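Structure record follows, encoded as structure tokens.
Both backbone and side-chain heavy atoms feed into the values below; hydrogens, waters and symmetry mates do not. Everything numeric here is computed off the predicted structure, so don't read it as measured data.
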Amino acid sequence: MTAAAFGARWSAFAASKRGRLALKMARVLFVGGILAYLAYDLTRIGWAEIWAALPTNPLFYLVFLLLYFSVPVAEVFLYRITWTFDAWRSFPAFVKKRIYNKDVLGYSGEVYFYAWARKNLGLSDLDLLKTIRDQNIVSSAASSLIVVVLVVVFLYTGQLNVIDLIGARNTSYLIGGGVVLLVLTALAVRWRRYLFSMTLQTTLLIFAIHCVRLLIGQGLQIGQWALAMPDVPLRIWFTYAALSLIISRIPFIPTGDLIFLGAGVSLSNVVQIPEAAVAGMLVVITVISKVLNLFFFAALSLLDRKAPEAPPPVEAPLPVPEPEEVL
């Protein structure tokens, strides 16, 4: 069976009633399995110990809010480079886009965002799809590049305690992966007119903004962990940052934060830091994130229902020809 035939059959299955039910059940089983494992692991540590180890520094929660809204704020600026819209009134759509991608399924936020843009921006379907496609390609390229660059920098500055996890001989694989990524990036730039509808200048500007956003986000994330556990050496948090970056690049997973929670608790034994404190820190981050996602999704969905429908564009009436004079 060819790839095209397989793709067509898969799309037909996913669109069918049986396919939608099967995919929903698979997601429920996947998330349920992760939750069951986490419940077992956290019970083994002890809920009382985890509760006693919850972060108490107010700055920890302030940084959390900065991280939570950093992606929607950045995306408002990114999309305003190519589209014209009211940033403040459109901000809730970017928040819902983040929620869909984080708690429903990777890239489901793009599907929601396309539907929102189609309803509110008055652009053609082709223009909308091209822009969303281009933004995601550039975002993925920037994320992958930042992952490789940061991991390599952390390794060679001695800030990344990853040798115990992957083995010294595998370090060359990371470097090789970085070289391959750079080559692919160069090829993408060379053949950009076949991949992007945006100009090179616009592509590079969006790429630079994504890189800056990712670097700032990683800095805030490491700072948040350090606020919760200030006695832990920074090199440990660089290890956690590398793990978080790697998990974030796994596509189409609905619970990346839960996977990172489980992996982070397991990693605490390897890097020899208090397991209960790590569990408490990651649990509170995950729980607050889920609660905020639920609150904003419900509130914004209610506002969407109450908002009046956008009026259809008014078309100018066709000119009525003057009656001809009777000679």
Side-chain angles (χ1 to χ4, degrees), residues 37-39 41-74 98 102 143 146-166 174 211-249 255-293:
Y37 167 77
L38 289 176
D41 207 28
L42 297 177
T43 302
R44 176 186 58 79
I45 297 170
W47 289 101
E49 289 80 0
I50 293 173
W51 179 262
L54 293 179
T56 57
N57 190 332
L59 289 177
F60 174 89
Y61 300 95
L62 176 61
V63 174
F64 171 85
L65 290 176
L66 292 175
L67 282 167
Y68 186 90
F69 289 108
S70 63
V71 173
V73 169
R98 178 195 184 277
K102 286 286 186 181
S143 299
I146 292 298
V147 167
V148 174
V149 168
L150 288 182
V151 169
V152 171
V153 169
F154 293 165
L155 279 170
Y156 279 89
T157 57
Q159 296 298 320
L160 182 56
N161 190 19
V162 75
I163 301 301
D164 294 335
L165 304 179
I166 64 173
L174 292 175
C211 289
V212 171
R213 173 185 68 82
L214 289 163
L215 290 172
I216 292 175
Q218 286 305 306
L220 287 173
Q221 185 66 86
I222 292 171
Q224 184 189 31
W225 295 332
L227 285 169
M229 301 175 66
D231 296 332
V232 174
L234 273 180
R235 65 180 181 82
I236 302 297
W237 298 135
F238 284 118
T239 304
Y240 273 80
L243 178 63
S244 174
L245 285 167
I246 292 168
I247 292 175
S248 71
R249 299 313 306 145
T255 53
D257 51 352
L258 294 180
I259 293 174
F260 177 66
L261 196 164
V265 172
S266 299
L267 180 61
S268 64
N269 292 318
V270 178
V271 295
Q272 298 180 350
I273 57 177
E275 191 177 32
V278 171
M281 177 184 70
L282 296 182
V283 164
V284 77
I285 290 174
T286 303
V287 170
I288 294 176
S289 178
K290 300 294 184 187
V291 169
L292 282 181
N293 285 347

Review point. Considering only heavy atoms from C-beta outward, does the side chain of Met229 approach that of Val278 to under 4.5 Å?
Key: yes
Check your understanding: Which of these passes side chain to side chain contact (heavy atoms under 4.5 Å, CB included) with Trp225: Leu220, Ile285, Val232, Leu234?
Key -> Ile285
Exercise for review: Measure the CZ-CG distance between Phe238 and Leu243 for me, rounded to the nearest 0.5 Å.
Suggested key: 15.0 Å
Revision key, fill the gap. Here the gap from Ile273 atom CD1 to Leu267 atom CG, rounded to the nearest 0.5 Å, amounts to 7.0 Å
Point to revise | Side chain proximity check, Lys290 to Thr286, heavy atoms < 4.5 angstrom | key: yes
Review point. Would you say Arg213 and Val73 make side-chain contact, with heavy atoms under 4.5 Å?
Key: no
Check your understanding: Is the side chain of Tyr240 donor-acceptor paired with the backbone N or O of Ile222 at a distance under 3.5 Å, no angle test?
Key -> no
Exercise for review: Please identify each residue that fulfils side chain to side chain donor-acceptor pair (under 3.5 Å) with Gln224, with sequence neighbours left out.
Suggested key: Gln221
Review point. Between the side chain of Ser266 and the main-chain N/O of Gly262, is any donor-acceptor distance below 3.5 Å?
Key: yes
Exercise for review: Any side chain to side chain donor-acceptor pair (under 3.5 Å) involving residues 58-71? Give me the pairs, sequence neighbours left out, ordered by first then second residue.
Suggested key: Tyr68-Asn293
Point to revise | Heavy-atom check, side chain of Phe64 versus side chain of Leu292, under 4.5 Å | key: yes
Practice item. Measure across Pro55 and Gly280 and return the closest heavy-atom pair with its distance rounded to 0.1 Å. Key: CD-O, 4.2 Å
Practice item. Specify the closest pair of heavy atoms between Leu67 and Gly217, including all atoms of both residues, with the distance to one decimal. Key: CD2-O, 3.5 Å
